[in-house]
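Sequence lines set the chain letters: A, B, ... in the order given, protein chains first and strands last, and positions in each chain run from 1.
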Amino acid sequence: MDKQWFDGMEARIPRGEVRTRFAPSPTGYMHVGNLRTALYTWLIARHAGGKFLLRIEDTDQGRLVEGAVDVIYATMRRCGLTWDEGPDLGGPVGPYIQTERRPLYKKYAELLVEKGAAYYCFCEKAESKEDSGQFERSDDPCRDLDPAEAKARVEAGEPYVIRQRIPHEGSTTFRDAVYGDITVENSELDDQILLKRDGLPTYNFANVVDDHLMGITHVVRGAEYLSSAPKYDLLYRAFGWEIPIYVHCSSIMIADPETGTVRKMSKRHGDPSYEDLIAQGYLNEAVVNYVALLGWAPRGELAEREFFTLDELARVFDIEGVSKSPAAFDMAKLTYFNASYLRAMAPEDFAQAAEPWIRQTVKNPAYDVADIAALLQARCEKLSDIPEKVDFFDALPDYDAGLFTNKKSKTDPEVSWRMLEAAIPMLEGLADWSQGPIHDGLIALAESLGVKNATLMWPVRIAAAGKAVTPGGAVEICRILGREETLRRLRLGLEKLS
RNA sequence: GGCCCGGUGGUCAAGCGGCUAAGACACCGCCCUUUCACGGCGGUAACACGGGUUCGAUUCCCGUCCGGGUCACCA
């Protein structure tokens, strides 16, 4: 056995430093739940001034996805979850890709066999969950094989796996930072496979080995791993390693409209992933902020606060505030966060973000993106709301004359006809086609006609836009459309009313 | 089903033995107003249930119910 593996790693890591890791498997997208786990993991490290590492768990050869690692990098970067060590950066305890650490796991598994905490198993492979459970764990005929005989069969080339030998008696208690102490009867635990037939480790084994070798102090992961935690403890103890602090995070649920119940959020059921949300026009900052609050809440003074930047989160995040019960993902609230972030943007930043969405329907270069964006900023909750809202600029919709009737504005077809007839010459004669003059001209006209502002504004806006609801009022829309186009549309309205 | 973990308004949640039980989203009104928004103001709405412990339980313990997780050579 190569002794350096046992003594070398620890020496490379400063004592007392908090080290956490996000260890995704490359699936090609980021679950919302995974994003939150990554975020909390990052926050714990940053809060403590420690190190955050990225490790790729690609031990499932059957599920390799091309380019998936790049998706992970891109997502992490976009979210601001910077890492200090990782496959691309390297670091003192690499490699950071599990398949590149392959020889390591076998050595450690064999060490466990030597110690009697694991054993070779030659039983038939159960290909799936359904095929498993052919025999009860206590019935595994290989568990009590003579070590020398087992070794001989291995050397003879017989396929095998290495299983963890879990005591049949007693119980195991482990400690979790959010759930507290949890005790499980050992008889409830199965002799899980550590090393697969292909020589690669299972997730559970690779985690223990890597987390130890990489000096991870806080193991953060989803609550679905809570039930395997006692087996981890048994493994750490068998190795004689220090047990890290476990931080299990409850699942993120989502309401299922079909069944009227909640279930764990998952890509498989068509629930949105991080990428989906971004594609739907949600801002990265809003998603991160919202997700941070799904399962964690600031305490004390900050209990009422909801808006946090990443840096602020790093400052105030504490494991104490992590909740034990599963939280339901609420798209409406995410939308609220997104709307707030959109409104808080500098106008020019918003215009830049909105431009591609505006240009989906506003192709005419005569219409200024910044002008339109200014109308939109307070009126959209997500960027994908935009195209539909501004579709009337390029082409006047084929609207119904009924739109001219509006009770609140006191308009009907007849009134509207008079308003348009009066507005057209006034607008034609305007010296300067800009916000102030158009506004003042219309207000003055309303006064001279003896009608309330809305009575004049409504028909003008309807004729100009051809829609009942528009971003911005009559003045803004006319200004952007330009004098010529505005007059053309108002005359069309007049015709429609004749 | 066994085991494990949860349970404060529809949702996220504060609370950590004594409170008229915060706040936010959503919803409903009102104000503002050139449509719709934004913004402002106000409102409806909760401690799952039953036993204990205690002078006193949302808070501690037990049971019930409900919800979730897990029982793969997947992670």
Undergrad: Assign A:Thr470 to base, sugar-phosphate, or nothing according to its heavy-atom contacts below 4.0 angstrom with the strands shown.
TA: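 Since a base atom lies under 4.0 Å of A:Thr470, the category is base.
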Undergrad: Watson-Crick or G-U wobble partner for B:U35, using a 3.5 Å limit on both distances?
TA: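 Answer to the pairing question: none, since B:U35 forms no Watson-Crick or G-U pair.
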Undergrad: Using the side chain to side chain contact (heavy atoms under 4.5 Å, CB included) criterion, which residues pair with A:Ile424? Sequence neighbours excluded.
TA: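 Scan of A:Ile424 (side chain to side chain contact (heavy atoms under 4.5 Å, CB included), adjacent residues dropped) gives A:Glu428, A:Leu487, A:Leu490, A:Arg491, A:Leu494.
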Undergrad: Given side chains that start at C-beta, do those of A:Tyr108 and A:Leu112 come closer than 4.5 Å, heavy atoms only?
TA: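 In short, these two side chains do not touch, never coming nearer than 4.5 Å.
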Undergrad: From the options B:C12, B:G39, B:C5, select the nucleotide whose nearest atom is closest to the side chain of A:Ala327.
TA: B:C12
Undergrad: Classify the side-chain pair A:Thr172/A:Asn186 by whether it contains a donor and acceptor separated by less than 3.5 Å.
TA: yes
Undergrad: In terms of side-chain heavy atoms, does A:Asn34 have a donor or acceptor partner in A:Tyr29 at a distance below 3.5 Å?
TA: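 No.
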Undergrad: Counting side-chain heavy atoms from C-beta on, which of B:A14, B:U35, B:U34 comes nearest to A:Ala297?
TA: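 Closest nucleotide to the A:Ala297 side chain: B:A14.
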Undergrad: Using a heavy-atom cut-off of under 4.0 Å over every strand shown, decide if A:Gly295 touches base, sugar-phosphate, or nothing.
TA: sugar-phosphate
Undergrad: So which nucleotide does B:C49 pair with, by the Watson-Crick or G-U wobble rule with both distances under 3.5 Å?
TA: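 Per the H-bond distance test, B:G63.
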Undergrad: Would you say A:Arg379 places a side-chain N or O within less than 4.0 Å of OP1 or OP2 belonging to B:U35?
TA: no
Undergrad: Is there a side-chain contact between A:Trp417 and A:Phe404 in this structure, where contact means two heavy atoms from C-beta onward sitting under 4.5 Å apart?
TA: no
Undergrad: Using 0.5 Å steps for rounding, measure from the CD1 atom of A:Ile56 to the CD1 atom of A:Ile72.
TA: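 Reported to 0.5 Å precision, the distance equals 4.0 Å.
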Undergrad: From CZ of A:Arg305 over to C1' of B:A22, roughly how many Å is that when rounded to an integer?
TA: 17 Å
Undergrad: Expressed as a whole number of angstroms, how long is the span from A:Glu476:CD to B:C36:C1'?
TA: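 Rounded to the whole Å, the gap is 12 Å.
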Undergrad: For RNA chain B, which residues of residues 194-202 of chain A approach it to below 4.0 angstrom with any heavy atom?
TA: A:Lys196, A:Arg197
Undergrad: Indicate for each nucleotide in nucleotides 43-48 of chain B, in 5' to 3' sequence, whether protein heavy atoms under 4.0 Å reach the base (B), only the sugar-phosphate (S), or nothing (-).
TA: ------
Undergrad: Considering only the P atoms, how many Å lie between B:C61 and B:G18, rounded to the nearest integer?
TA: 16 Å
Undergrad: Hey, does A:Ser409 reach any base, or is it just sugar-phosphate, or nothing, if we go heavy atoms under 4.0 Å?
TA: nothing
Undergrad: A:Arg102 CZ to B:C73 C1': how many Å, rounded?
TA: 13 Å
Undergrad: Counting the atoms with a prime plus P, OP1 and OP2 as sugar-phosphate, which does A:Ala328 contact under 4.0 Å by heavy atoms, base, sugar-phosphate, or nothing?
TA: sugar-phosphate
Undergrad: Enumerate donor-acceptor pairs with a distance under 3.5 Å from any side-chain N or O in residues 293-304 of chain A to protein atoms, sequence neighbours excluded.
TA:
| unit_1 | atom_1 | unit_2 | atom_2 | d |
| --- | --- | --- | --- | --- |
| A:Trp296 | NE1 | A:Asp318 | O | 3.1 |
| A:Trp296 | NE1 | A:Asp318 | OD1 | 3.2 |
| A:Arg299 | NH1 | A:Glu320 | O | 3.3 |

Undergrad: Give a yes/no verdict on a cation-pi contact between A:Arg305 and A:Phe308, requiring under 6.0 Å between NZ or CZ and the six-membered ring centre and an angle within 45° of the axis.
TA: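 Yes, a cation-pi geometry holds between A:Arg305 and A:Phe308.
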Undergrad: Under a 4.0 Å heavy-atom cut-off, which of residues 448-463 of chain A touch RNA chain B?
TA: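 Going residue by residue through residues 448-463 of chain A, the ones with a heavy atom under 4.0 Å of RNA chain B turn out to be A:Asn453, A:Ala454, A:Met457, A:Trp458, A:Arg461.
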Undergrad: Identify whether NZ of Lys or CZ of Arg in A:Arg221 sits under 6.0 Å from the centre of the six-membered ring of A:Tyr232 and within 45° of that ring's axis.
TA: yes
Undergrad: Using a cutoff of under 3.5 Å, can you pull out all pairs of nitrogen or oxygen atoms linking the protein to nucleotides 2-4 of chain B, with atom names and distances?
TA:
| unit_1 | atom_1 | unit_2 | atom_2 | d |
| --- | --- | --- | --- | --- |
| B:C3 | O4' | A:Glu188 | OE1 | 3.3 |

Undergrad: Tell me whether A:Arg55 forms a cation-pi arrangement with A:Phe22, defined as NZ or CZ under 6.0 Å from the six-membered ring centre and within 45 degrees of its axis.
TA: no
Undergrad: Of the listed nucleotides (B:A14, B:C36, B:G6), which one gets closest to any side-chain atom of A:Lys324?
TA: B:G6
Undergrad: Under 4.0 Å between a side-chain nitrogen and a carboxylate oxygen: does that hold for A:Asp191 and A:Arg165?
TA: no
Undergrad: Taking atom C1' of B:C38 as reference, at what distance in whole Å does atom CG of A:Leu342 sit?
TA: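 For the pair A:Leu342 CG and B:C38 C1', the rounded distance is 13 Å.
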Undergrad: With sequence neighbours excluded, give me every side chain to side chain donor-acceptor pair (under 3.5 Å) pair touching residues 438-463 of chain A.
TA: A:Arg461-A:Thr470
Undergrad: Return the set of residues passing side chain to side chain contact (heavy atoms under 4.5 Å, CB included) with A:Pro159 (not counting sequence neighbours), or none when no residue passes.
TA: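 Result, side chain to side chain contact (heavy atoms under 4.5 Å, CB included) vs A:Pro159: A:Arg197.
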Undergrad: Polar pairs (N or O, both sides) under 3.5 Å between protein and nucleotides 63-68 of chain B?
TA:
| unit_1 | atom_1 | unit_2 | atom_2 | d |
| --- | --- | --- | --- | --- |
| B:G68 | OP1 | A:Val262 | O | 3.2 |

Undergrad: From A:Ile438 CD1 over to A:Thr486 OG1, what is the distance, rounded to the nearest 0.5 angstrom?
TA: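 The distance works out to 7.0 Å.
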Undergrad: If the condition is side chain to side chain contact (heavy atoms under 4.5 Å, CB included), which residues does A:Thr202 pass it with, not counting sequence neighbours?
TA: A:Ile193, A:Lys196, A:Asn204, A:Phe205
Undergrad: Answer with base, sugar-phosphate or nothing: what part of the nucleic acid does A:Ile193 contact at a heavy-atom distance below 4.0 Å?
TA: base
Undergrad: Minimum heavy-atom separation for A:Pro471 to A:Lys389, with atom names?
TA: CD-O, 3.4 Å
Undergrad: Can you tell me the base-pairing partner of B:U70? Count Watson-Crick or G-U wobble geometry only, both distances below 3.5 Å, and say none if there is no partner.
TA: B:G2
Undergrad: With a 3.5 angstrom cut-off on both distances, give the Watson-Crick or G-U wobble partner of B:G23, or none if there isn't one.
TA: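 B:C12 - that is the nucleotide pairing with B:G23, both distances being under 3.5 Å.
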Undergrad: Between SG of A:Cys478 and CE of A:Met457, what distance do you get to the nearest 0.5 Å?
TA: 9.0 Å
Undergrad: When the P atoms of B:U59 and B:C74 are compared, how many Å lie between them, rounded to an integer?
TA: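 So the two P atoms sit 45 Å from each other.
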Undergrad: With sugar-phosphate meaning primed atoms plus P, OP1 and OP2, does A:His439 contact a base, only sugar-phosphate, or nothing at under 4.0 Å between heavy atoms?
TA: base
Undergrad: For A:Leu293 and B:A22, give me the distance from atom CG to atom C1', rounded to whole Å.
TA: 15 Å
Undergrad: Figure out the NE2/C1' separation between A:His31 and B:C74, and round it to whole Å.
TA: 12 Å
Undergrad: Of the listed nucleotides (B:C73, B:A37, B:U33), which one gets closest to any side-chain atom of A:Lys408?
TA: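 Of the options given, the side chain of A:Lys408 lies nearest B:U33.
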Undergrad: Who passes side chain to side chain contact (heavy atoms under 4.5 Å, CB included) against A:Val469, sequence neighbours left out?
TA: none
Undergrad: What is the distance from CH2 of A:Trp296 to C1' of B:A14, rounded to the nearest Å?
TA: 12 Å
Undergrad: Please report, rounded to the nearest Å, how far the P atom of B:U70 is from the OH atom of A:Tyr225.
TA: 9 Å
Undergrad: Restricting to nitrogen or oxygen on both sides, can you table the protein-nucleotides 24-27 of chain B pairs closer than 3.5 Å?
TA:
| unit_1 | atom_1 | unit_2 | atom_2 | d |
| --- | --- | --- | --- | --- |
| B:A24 | O2' | A:Glu306 | OE1 | 2.4 |
| B:A24 | O2' | A:Glu306 | OE2 | 3.4 |
| B:A24 | O2' | A:Lys333 | NZ | 3.0 |
| B:A24 | N3 | A:Lys333 | NZ | 2.9 |

Undergrad: Can a donor-acceptor pair be found, under 3.5 Å and without considering hydrogens, that links the side chain of A:Thr405 to the backbone of A:Asp412?
TA: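 Absent.
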Undergrad: My understanding is that a pair needs two contacts under 3.5 Å, Watson-Crick or G-U wobble. By that rule, which nucleotide pairs with B:U54?
TA: none
Undergrad: Mind checking the P distance from B:A13 to B:G40? Whole angstroms is fine.
TA: 25 Å
Undergrad: Nearest 0.5 angstrom please: A:Ile319 CD1 to A:Tyr246 OH, how far?
TA: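 A:Ile319 CD1 to A:Tyr246 OH: 14.0 Å, rounded to 0.5 Å.
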Undergrad: Counting Watson-Crick and G-U wobble pairs only, both distances under 3.5 Å, name the nucleotide matched with B:C30, or none.
TA: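 For B:C30, the partner nucleotide comes out as B:G40, under the 3.5 Å rule.
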